[in-house]
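Each remark here refers to the structure printed beneath this line.
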Amino acid sequence: MTGVGARTTALRPLWLPDGYRCRSVSLADVAAIHRLVASCERELHGRPTTGADRLAAELSLPGLRPESDTLLVRDGTGGPVGYCWVQGRRARVHVHPGHQGRGLGSGLLGWAEDRTRQAGGDRLAQTVSDTDRAATALLRAAGYSRLVTEWLLEVALPHGPHVPDPPAGITVRPFRPGDEQAAHQLTEDAFDEWQPRRKTYAQWARRTVERPTFVPAASPVAFAGEQMVGAVLSLEIPAHGEEGADGYAEADADGCAAEGIEGDAEGYVARVAVRRDHRGRGIARTLLLQAFDTFHRRGRPACTLWTHSGTGAFAMYERLGMTVRRSSTLYGKALV
């Protein structure tokens with residue numbers, strides 16, 4: 001294979017141990033990659049938390065070119081043991097627990113850095129679970145520093161919450177066709193204030209309203225007159241499955257749950273936003289409680305969402321009864 005940077009030759013990466021081979025990824029590899037990621041998540045969390053559809057969605061993200069932006073490592077039996085993708089300033093690396101300590105993680109991380117430089121990037125960031133001590137140690141040794149802490153929050157819904165009336169002059173209704181462009185503008189404007197990585201409409205829609213698990217009934221929007229000033233956009237995901245923190249949004253945040261979920265599932269809030277000139281009025285609280293109530297009425301036992309230390313919203317979620325299910329840290333590094 002042809003690699004990038006000084007770490008590779010025309011035949012194979014110089015860091016790749018004997019007995020391993022690698023190549024770029026295609027959508028046909030999703031099932032194999034899912035087995036690899038599930039093995040990593042069982043080691044960290046006791047169960048898989050990422051669906052195969054989310055991995056397929058990542059490979060289909062606008063701007064990601066699998067032939068040059070991904071790498072799959074296989075052992076001598078052909079089984080997948082390492083996987084990496086890089087897009088813009090973000091990367092993700094997985095190494096099978098049974099193949100750690102052999103230089104695969106550091107090799108894939110170095111490959112991601114080289115690929116980012118080749119594409120003209122000057123920084124790279126990666127989110128890792130706080131239970132993944134090996135990955136944390138690897139990133140720190142490679143010169144990465146902590147940027148933000150991310151929390152997956154949850155609220156149990158044995159009973160429907162009390163939903164207050166909206167503030168004076170504000171009307172609230174469920175999301176409906178035709179709201180897409182206004183919701184994109186509102187949520188991206190809000191996210192721009194603390195995370196300037198604005199998404200195109202296509203990128204945003206792929207993570208939200210075009211998802212097969214998007215739930216308009218649990219996605220209330222608020223209006224002041226004809227102007228949308230608040231929105232909560234929600235999905236349904238398998239119970240104890242977990243969407244990616246929206247730091248990627250990507251990726252980050254941002255995964256894809258199984259289509260047509262029935263039975264054992266829970267709610268997931270993918271976006272919360274209130275226009276700056278209407279904040280402090282309780283709009284976000286009203287919208288979130290409306291979403292929680294809808295999920296309760298749909299028979300969902302819980303609702304989750306990701307937030308991080310850059311938003312300043314953690315205290316509000318705590319007041320709504322949400323608690324931490326698990327946490328991750330976003331690490332970043334300047335590529336000089």
Side-chain angles (χ1 to χ4, degrees), residues 1 3-4 12-13 15-17 19-88 90-100 102-112 115-116 124-129 131-132 134-135 138 206-207 211-213 237-238 240-245 247-259 328:
M1 101 173 243
V4 298
R12 58 183 283 123
W15 51 263
L16 194 64
Y20 294 92
R21 48 200 170 90
C22 64
R23 60 170 172 79
S24 60
V25 170
S26 73
L27 286 174
D29 295 310
V30 167
I33 294 170
H34 184 242
R35 292 194 298 271
L36 165 62
V37 173
S39 296
C40 297
E41 291 175 340
R42 286 192 193 95
E43 183 77 8
L44 294 173
H45 312 304
R47 62 177 184 271
T49 61
T50 300
D53 285 1
R54 173 182 167 186
L55 299 173
E58 288 178 346
L59 290 175
S60 302
L61 289 173
L64 189 147
R65 296 181 295 173
E67 68 276 9
S68 59
D69 298 336
T70 66
L71 203 62
L72 182 66
V73 178
R74 293 179 176 269
D75 64 10
T77 69
V81 298
Y83 169 57
C84 175
W85 60 253
V86 59
Q87 183 197 37
R90 298 304 299 266
R92 185 165 295 166
V93 175
H94 297 282
V95 176
H96 191 285
H99 293 261
Q100 293 177 6
R102 305 180 188 185
L104 297 179
S106 58
L108 287 168
L109 183 61
W111 176 87
R115 174 63 191 138
T116 301
L124 190 63
Q126 183 179 175
T127 298
V128 298
S129 171
T131 60
D132 193 344
L138 172 63
R206 188 174 189 87
R207 294 170 170 83
R211 298 278 293 276
T213 50
I237 63 174
H240 298 295
E242 295 171 5
E243 290 291 301
Y248 174 68
E250 170 1 326
D252 242 324
D254 325 290
C256 189
E259 183 172 359
S328 299

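At least one side-chain heavy atom of Pro17 sits under 4.5 Å from a side-chain heavy atom of Leu104. In this structure, Arg90 and Thr127 have side chains that are in contact, with non-hydrogen atoms separated by less than 4.5 Å. Looking only at side-chain heavy atoms (C-beta outward), Val37 and Pro48 stay at 4.5 Å or farther from each other. For the pair Trp85 and Val25, the minimum side-chain heavy-atom distance is 4.5 Å or more. Thr70 places a side-chain heavy atom less than 4.5 Å from the side chain of Leu64.
Counting all heavy atoms, side chain and backbone alike, Leu108 lies closest to Tyr83 at CD1-N, 3.8 Å. Heavy-atom minimum distance, Ala91 versus Gln126: O-CG, 3.4 Å. Closest non-hydrogen pair, Glu43 versus Pro97, comes out as CB-CG, 3.7 Å. Between Val93 and Cys84, the closest heavy-atom pair is CG2-SG, 3.8 Å. Looking at every heavy atom in both residues, Val128 comes nearest to Ala135 through CG1-CB, 4.0 Å. Closest heavy-atom contact between Ser129 and Ser328: CA-OG, 3.7 Å.
Interatomic distance, Thr49 OG1 to Arg42 CZ, rounded to the nearest 0.5 Å: 10.5 Å. To the nearest 0.5 angstrom, His34 atom NE2 is 10.0 Å from Ser39 atom OG. Taking CZ from Arg206 and CD from Glu58, the interatomic distance works out to 11.0 Å, rounded to the nearest 0.5 Å. The CG atom of Leu72 sits 9.5 Å away from atom CZ of Arg21, with the distance rounded to the nearest 0.5 Å.
Panel note: side chain Arg211, backbone Arg207; a donor-acceptor pair is recorded below 3.5 Å.
Using cut-offs of 30° and 60° on the angle between ring planes, the pair His99 and Tyr20 is perpendicular.
One finds a salt bridge joining Arg74 and Asp29 here, because a Lys/Arg side-chain nitrogen approaches an Asp/Glu carboxylate oxygen to under 4.0 Å.
Val81 pairs in a side-chain contact (heavy atoms from CB on, under 4.5 Å) with only one of the listed residues (Arg102, His96, Gln100), which is His96.
Remark: Asp132 engages no residue in a salt bridge (Lys or Arg N to Asp or Glu O under 4.0 Å) (not counting sequence neighbours).
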